[in-house]
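The structure appears below as structure tokens.
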Amino acid sequence: MEEIQSQSDNYRSSSSSASSPASRVPSSNFFYLRKPGAFRQPISFEDSPDWEDTDIEVKVDEGGADSINAATAPVSPSLSKINSGSLPSPPLPEGANVARKTAGASIAWKDLTVTIKGKRKYSDKIVKSSNGYAFPGTMTVIMGPAKSGKSTLLRALAGRLPDSARMYGEVFINGVKSHMPYGAYGFVERESTLIGSLTVREYLYYSALLQLPGFLCKKRSAVEDAIHAMSLGDYANKLIGGHCYMKGLCSGERRRVTIARELVMRPHILFIDEPLYHLDSVSALLMMVTLKKLASTGCTLIFTIYQSSTEVFGLFDRICLLSNGNTLFFGETLACLQHFSNAGFPCPIMQSPSDHFLRAINTDFDRIIAMCKNWQVIKVTLAVDLLLALHRIDDHGELSSVNMDTAVAIRTLEATYRSSADAAAVETMILELTDKEGPLLRSKGRASCCTKIAILTWRSLLIMSREWKYYWLRLIIYMFLALCIGTVFSGLGHSLSSVVTRVGAIFLFVSFTSLLSIAGVPAQLKDIKIFICEEANQHSGTLAFLVGQLLSSIPFLFLLSISSSLVFYFLVGLRDDFSLLMYFSLNFFMCVIVNEGLVLFVASICRNTFWSIIILVNIHIVMILSAGLFRVRSALPRLVWMYPTSYVAFHTYSIQGLLENEYSGASFAVGQVRSLSGYQALQNVYDVSADSNSKWENLLILVLMAVGYRLLVFVLLQFRVRKALFSRCSSCCSKKPTIPDKAFL
């Protein structure tokens, strides 16, 4: 860590001197520059080991040049004179060995243009004729202000554009124009959903089981490698979300867990959208140091970033600077400083290079200047410091006439880059990469659907047993409700006069418990978010998710239904028969399963807690009104209430079955001679059938409704949720990210 800090200090002094025309050559111990000729080695795909090969140890000389011919680019023409001298890299500890475990892959893109219809009012082109490349063992960063096309370019390279986008141009992997197969790359979203009730090791292990085929020992080894690669060893046995006695992981550690999840597959190329998203300066530096260590193993890293501190900026290998979809520069980080100086925008001393780049090309700063000019508050110290840093205000507080606005600065930088030797060097390198075809990336296989179902079932069981908000809280609520209703309606007896009251008790029990199941909406929404996150990287599947979620919930739902049914059954004093008790419990269990399917269906549509609860409350109210207690179903208005509402309300079939179970075969004496059957006693209270098998028909309808809701959710997740995922992905380019705090300026 001290070594990286010293390297960053050297970079900071070098970047400061680069801003002055009189001293553009950095200090001789600038850590980013390699020894002469280190970047001039040819690309050698044959030397890249396959993933299954034995790990290769790369010995690093004192000068810092690798003994293996890692795919590297020639030095930028802007730095050719600098590299002609002897500029050694900082020495590593004696005998330092870096295990190269990843066979990285080179990637190059040529004339890449991405259009999304209707995305922007002034242009549908999000990315415009971008050229670039990335090599194994290097970190390539895509930088730019908000709405510059960073995330869109990253997704275009990974082949994850939405259906509404169209990509033009070519992307080459190892010199071959082809798509990356499953397992060859990893993609980390800007925002990912983690499972807080699992430890880091458990979460990564279940992720490995979902992603990888083969034996468990290999998967455990992959998990441990991912934990080591992302420096998560101290947190491996810590709960991600924590609990009441222990705090969970912080944002930086959570971000590293999401990256480690993709490393389980051991990808050749890793794409990361905003690795510093919501991280403070210390966490950001730790993240980039960890990624630098990961890149040293041979993995190709490409990620987007909005802004960084000087120390973080010094760790980048190459930078692709975008503004409004236009490429303003592509090349080495120090060459970017030289490029801005050549265009007339030298980086001021003691200023972060990324700050300088973004302030020069971000049009938002023009509005700040206009606001300060209109409000006449430029004499305020903070505003003066900010605007003077922009080089657009003179010492008297007036707008300088010799400085240009951001739009002109962007055009100047773009024109300078297009005519520079750096752009020509990029085109030359792309030609060299595409002239020779390297090995095709192979798919690493995946777990079968049955395996995924078993894994998801077991993982969900573990989550539900630990998360009290899933079913344990509902169990308490159901028991409390059953106790309340049972005590209110206790001691009814079995006379004819108790029929109406008993029907009301059963109706209230079924209706209120169904209504209280809305408490499971947050848990269902969390499951859907986890599924979307895993499905985006093909770790899961819709069928596996639904079946696994159903199988894992059955034990808890059965416990919930049987316990509350027993309390209600004996407190109210229903008929003392074991077979009738078992039917009552089974009927209520199926009613709960159907209700769970309804909640999941509504949650899949809304994907929002507030609206899901509002819609479910209204649905239950309508179903309760049409269930037949307040007015016999045959007497309901035929339009809407009878057809179709009363027939799609699961309350109707559940209550009918329970009443037929209670009063089938029963008789009530009327006077000394006459008696009424149970069907006749219920005839004016609730619509039931005289058929003795009617209660089983109602139970069968509940089973079919449970299956039907799950099928609707399956269709919805297959189409609408996946489409919503792509829409959310495509909107990342227009979402303004959080600026991380600057450090050590």
Side-chain angles (χ1 to χ4, degrees), residues 193 195 210 449-450 452-457 459-461 463-464 467 469-471 474 514-558 560-561 589-620 622-623 644-645 647-651 653-654 700-728:
T193 303
I195 304 176
L210 289 173
C449 183
C450 294
K452 290 181 179 181
I453 291 175
I455 295 168
L456 290 174
T457 302
R459 188 182 71 176
S460 297
L461 281 170
I463 295 171
M464 293 173 185
E467 280 282 353
K469 292 182 292 185
Y470 269 80
Y471 293 108
R474 290 175 58 186
S514 300
L515 187 61
L516 289 178
S517 65
I518 298 175
V521 168
Q524 299 283 15
L525 286 173
K526 187 174 182 180
D527 286 343
I528 293 174
K529 290 180 180 179
I530 294 172
F531 161 73
I532 293 174
C533 183
E534 293 178 339
E535 176 67 11
N537 289 338
Q538 304 178 32
H539 297 170
S540 181
T542 308
L543 179 62
F545 163 70
L546 289 177
V547 176
Q549 200 253 8
L550 175 62
L551 294 178
S552 60
S553 64
I554 284 178
F556 295 95
L557 294 179
F558 183 76
L560 184 149
S561 60
F589 171 67
M590 288 309 306
C591 179
V592 172
I593 292 252
V594 173
N595 198 24
E596 286 292 299
L598 175 62
V599 171
L600 185 60
F601 176 68
V602 174
S604 301
I605 296 177
C606 299
R607 299 185 302 280
N608 178 275
T609 304
F610 175 78
W611 288 110
S612 297
I613 292 176
I614 292 296
I615 292 175
L616 282 170
V617 168
N618 284 274
I619 290 176
H620 277 86
V622 172
M623 288 184 174
T645 305
Y647 284 91
V648 298
F650 64 89
H651 305 70
Y653 305 102
S654 178
L700 178 60
I701 293 175
L702 290 176
V703 173
L704 294 177
M705 292 183 74
V707 175
Y709 277 124
R710 297 284 171 170
L711 290 177
L712 289 176
V713 175
F714 176 81
V715 174
L716 200 62
L717 292 179
Q718 278 288 94
F719 297 101
R720 177 163 183 172
V721 174
R722 183 172 297 180
K723 183 178 180 180
L725 169 67
F726 285 135
S727 299
R728 179 174 62 87

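Treat the numbers as computed from the prediction; the structure is a model and nothing was measured.
Shortest non-hydrogen contact noted between M464 and Q549 is CE-O, 4.3 Å. In terms of heavy atoms, L461 sits closest to S552 at CD2-O, 3.2 Å. Across all non-hydrogen atoms, the minimal contact from C606 to I615 is SG-CD1, 3.2 Å. Looking at every heavy atom in both residues, I593 comes nearest to A706 through CG2-CB, 3.7 Å. Contact record, A603 with Q524: CB-CB, 4.5 Å, taken as the closest heavy-atom pair. In terms of heavy-atom proximity, R607 sits nearest to I605 at NH1-O, 3.4 Å.
Rounded to the nearest 0.5 Å, atoms CD1 (I532) and CD1 (I530) are 10.5 Å apart. Rounding to the nearest 0.5 Å gives a distance of 5.0 Å between CG of L210 and CD1 of I455. Between the CD atom in E596 and the CG atom in L600 there is a gap of 8.5 Å [rounded to 0.5 Å]. One distance of note links CD1 of I614 with CD1 of I619; it measures 11.5 Å at 0.5 Å rounding. Taking CG of L702 as the reference point, atom SG of C591 lies at 6.5 Å (rounded to 0.5 Å). In this structure, the separation between CZ on F650 and OG on S514 is 4.0 Å, given to the nearest 0.5 Å.
Note on ring orientation: taking the six-membered ring where Trp is involved, the planes of F601 and Y709 are tilted (angle from 30° to 60°). In this structure, F545 and F531 have parallel ring planes: the angle between them is below the 30° cut-off, well short of the 60° mark.
The 12-atom threshold is exceeded at CZ of F714, counting heavy atoms of other residues, nucleotides or ligands nearer than 6.0 Å.
The closest donor-acceptor contact from the side chain of N608 to the backbone of F610 lies under 3.5 Å. Between the side chain of N537 and the backbone N or O of C533 there is no donor-acceptor pair closer than 3.5 Å. Judged purely by atom type and a 3.5 angstrom limit, S553 uses its side chain to pair as donor or acceptor with the backbone of L550. When atom types are taken as modelled, the side chain of S654 and the backbone of H651 share no donor-acceptor pair closer than 3.5 angstrom.
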query: Stepwise, does the side chain to side chain contact (heavy atoms under 4.5 Å, CB included) test hold for L551 with V547?
result: CA-CA 6 Å; L551 294 178; V547 176; 3.8 Å; yes
- request: Check the pair E467 / K526 against side chain to side chain contact (heavy atoms under 4.5 Å, CB included), numbers first and verdict last.
  value: CA-CA 12 Å; E467 280 282 353; K526 187 174 182 180; 3.8 Å; yes
message: One pair to check against side chain to side chain contact (heavy atoms under 4.5 Å, CB included): V602 and L598. What are the steps and the verdict?
response: CA-CA 6 Å; V602 174; L598 175 62; 4.2 Å; yes
task: Take N595 and M590 through the test side chain to side chain contact (heavy atoms under 4.5 Å, CB included) and record every step on the way to the result.
output: CA-CA 8 Å; N595 198 24; M590 288 309 306; over 6 Å; no
task: Could you go through the salt bridge (charged side-chain N to carboxylate O under 4.0 Å, His left out) check for E535 and K529 one step at a time?
output: CA-CA 10 Å; E535 176 67 11; K529 290 180 180 179; over 6 Å; no
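Within the 4.5 Å cutoff, no side-chain heavy atoms of S517 are placed close to those of V592. In this structure the side chain of K452 never reaches within 4.5 angstrom of the side chain of L543, judged on heavy atoms. With a 4.5 Å cut-off on side-chain heavy atoms, R474 and L560 count as touching.
Residues T542 and Q718 bring a donor and an acceptor atom of their side chains to less than 3.5 Å of each other.
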